[in-house]
2 protein chains.
Amino acid sequence: MAAKRSGGQSKQSERKVPPPSGPEPRSEQPLSLERIVATAVELLDSEGIDGLKMRRLADCLGAGAMSLYWHVGNKEEVFDLALDSVLAYRGPVPIDASQDWRGEVVHMLKDWRAGMLRHPWSAALLPRRALGPNILARLELLSSTLSRAGVADADLNVAIWSLWNYVIGATTTRASFDLSDDDRAAAQQRLTSLSQHYPTIERSRLLLDNDWDGAFSKGLDFLLDGLVPKQ
Amino acid sequence: MAAKRSGGQSKQSERKVPPPSGPEPRSEQPLSLERIVATAVELLDSEGIDGLKMRRLADCLGAGAMSLYWHVGNKEEVFDLALDSVLAYRGPVPIDASQDWRGEVVHMLKDWRAGMLRHPWSAALLPRRALGPNILARLELLSSTLSRAGVADADLNVAIWSLWNYVIGATTTRASFDLSDDDRAAAQQRLTSLSQHYPTIERSRLLLDNDWDGAFSKGLDFLLDGLVPKQ
DNA sequence: GATTGACTCGTACAGTGTACGATGCGAGTT
DNA sequence: AACTCGCATCGTACACTGTACGAGTCAATC
């Protein structure tokens, strides 16, 4: 197991500031990896995953299309960087430190999910990408917390992957099933018209219940119950 | 909650067989939705998700590129059809019927995962697509089985989504992390070089353990333990 | 023979990512 | 001052994509 993508690391270095003349008249400051990634995130937020074109991104930056390729190896790398930039984690309020392991885990995973739903494109991107430093940091936090909570080293692997799977599955699903009301109405109609084939699905209101957050929390509790049985 | 995609349903109907003259000399039988989908699956299997181009698909079928568009609305629809065609489920051997609910659930979910891993592109496709009939059938089976197992209607929703999340997360992860040995070696090296930052990850051999199947089974057991506590 | 409708496909177009090479620029070095 | 050199930018060009459009084929029907 490990991550894909051949480490890119394109050129570029620090640059002399243009003689400090107050806030530039916008869009004339030099290109930089940070600016590129930040703008890519904005673009992804507003236009979605297919809305990110190299030319468009360059336009938003007030640059020529090919200028981006000095800072970035290819479009894929832009995706990688945008994804990891969105997954930074500052940790919980440090008050309840180290007492409540379960609270910490839940907090981090909820924050993870929330962050990805704030940038829905990230959910679709995650499975295909490398493990960036922010993701690894979260996994490390998860590992150490669970270890402190008493999960045996032999089970740690399974525990982490189970939680990972749960979060990934939940966010990708949620991100792609977030519909307009019209869509929802159409889907409801379609489903009831097929209700003789799927009676239990209908009874459970599987596709109609909108309480994604609650479902995520409850399911996470169940999973944690299984992983670390209450003594 | 519901499915995306505006129902397509492109033209096409049954066609008169060319006067039965034994097995055609290959690649001269007429186009059909079935042939298109089957060939698309083959192509996806061998070339991956980016390897499916309309022109290439048409070539493989011995047809002109634009002929496909008589049977199919657009490329997206090809993806939808290929995905659902891969997710049919025949059910378990009917011997142990209805006794062992947990065995049934595990069997279906393992089969689900196995099917998707046989066609790794399907994992990447699933989250973005509509719920086809084969997927809905699996969800219905899951619902009814869990219901029989004693899960309250109020919890059914959470239970189903939890299992869904787990399966989706596990398969997409597995499908995108399936690396060559070289890749794995490189990743191992990279990780150990960062081991001071991620000590617990290293200790748990998170990225190095290759027993995906075992991890999937164990995690699934934990989750089911949480969902339906052993009485 | 004429008409119709199912089906096929060649051509064309508006994009896409990016290879390549020309250009500008600021700092050393001589 | 003239020079080189590395960083950084960008215009042009190319190969390739999905697919709109319309002309073509062919069998069944009138």
Side-chain angles (χ1 to χ4, degrees), chain A residues 5-6 8-21 24 27-37 39-40 43-44 47-82 125 128, chain B residues 5-6 8-21 24 27-37 39-40 43-44 47-82 125 128:
Chain A
R5 302 229 47 65
S6 54
Q9 212 68 354
S10 285
K11 324 83 205 180
Q12 153 241 4
S13 66
E14 67 282 16
R15 252 243 289 225
K16 36 278 155 188
V17 281
S21 62
E24 287 287 318
S27 98
E28 276 310 336
Q29 65 246 77
L31 236 34
S32 74
L33 241 206
E34 293 75 32
R35 284 217 319 135
I36 291 176
V37 174
T39 311
L43 216 57
L44 284 164
E47 315 264 344
I49 219 164
D50 292 330
L52 183 64
K53 326 275 168 85
M54 294 304 270
R55 280 177 241 255
R56 183 107 159 67
L57 178 54
D59 277 356
C60 291
L61 288 160
M66 292 312 292
S67 306
L68 302 180
Y69 287 88
W70 176 258
H71 305 267
V72 147
N74 50 32
K75 192 183 177 181
E76 291 269 287
E77 202 175 310
V78 178
F79 281 130
D80 287 345
L81 294 168
L125 244 37
R128 297 193 264 168
Chain B
R5 299 231 50 64
S6 55
Q9 211 69 354
S10 284
K11 327 75 207 182
Q12 152 240 6
S13 66
E14 67 282 16
R15 251 242 290 225
K16 37 278 154 188
V17 281
S21 61
E24 289 285 321
S27 99
E28 275 309 337
Q29 65 244 81
L31 237 32
S32 74
L33 239 206
E34 292 74 33
R35 282 215 322 133
I36 291 176
V37 174
T39 311
L43 216 57
L44 284 164
E47 316 263 346
I49 220 165
D50 293 331
L52 183 64
K53 327 274 167 88
M54 295 305 270
R55 278 177 244 255
R56 185 107 159 66
L57 178 55
D59 277 357
C60 291
L61 287 160
M66 291 313 292
S67 306
L68 302 180
Y69 287 89
W70 175 260
H71 305 268
V72 147
N74 50 32
K75 191 182 177 181
E76 290 269 288
E77 202 175 310
V78 178
F79 280 130
D80 288 346
L81 294 168
L125 244 37
R128 297 192 265 166

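Numbers restart at 1 for each chain; the letters A, B, ... are given by sequence-line order, proteins then strands. These numbers come from the heavy atoms of this one structure, side chains and all, not from hydrogens, waters or symmetry mates. Being a predicted model, the structure only gives us computed values, none of them experimental.
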Short side-chain N/O contact to D:dC10 OP1/OP2 from A:Ser67, under 4.0 Å: yes
Side-chain N or O of B:His71 closer than 4.0 Å to phosphate OP1/OP2 of C:dA6: no
Rounded to the nearest Å, what distance is computed from the CG atom of residue B:Leu43 to the P atom of nucleotide D:dT17? 12 Å
Have a look at A:Ala58 and say if it touches a base, only the backbone sugar-phosphate, or nothing, with a 4.0 Å heavy-atom cut-off. nothing
Measure from CG on B:Asp59 to P on C:dC9 and round the result to the nearest Å. 11 Å
Interatomic distance, CG@A:Leu44 vs CG@A:Leu52, rounded to 0.5 Å, equals 4.5 Å
Output the rounded distance in Å from CZ (A:Arg35) to P (D:dT9). 9 Å
Side chains of A:Glu47 and A:Arg56: does their closest heavy-atom pair fall under 4.5 Å? yes
With a 4.5 Å heavy-atom cut-off, do B:Leu68 and B:Leu61 have their side chains touching? yes
Rounded interatomic separation in angstrom, taking CE from A:Met66 and P from C:dT18: 8 Å
Rounded off to whole Å, could you give me the CD1-to-C1' distance for the B:Ile49 and D:dT17 pair? 16 Å
Side chains of A:Val37 and A:Val72: closer than 4.5 Å at any heavy-atom pair? no
Would you state whether a donor and an acceptor, one from the side chain of B:Arg55 and one from the base of D:dG18, lie under 3.5 Å apart? yes
Considering only heavy side-chain atoms of B:Lys53, the closest of D:dT17, C:dT16, C:dT18 is D:dT17
Assign A:Ala63 to base, sugar-phosphate, or nothing according to its heavy-atom contacts below 4.0 angstrom with the strands shown. sugar-phosphate
NA contact type, A:Leu57, heavy-atom cut-off 4.0 Å: base, sugar-phosphate, or nothing? nothing
Calculate the interatomic distance between B:Ile36 atom CD1 and C:dC9 atom C1'; express it in whole Å. 14 Å
dist A:Glu34:CD -> A:His71:NE2 (nearest 0.5 Å) comes out at 10.0 Å
Could you tell me how far apart B:Glu76 (CD) and D:dT17 (C1') are, to the nearest whole angstrom? 14 Å
Between P on C:dT16 and CE on A:Met54, what's the gap in Å once rounded to a whole number? 12 Å
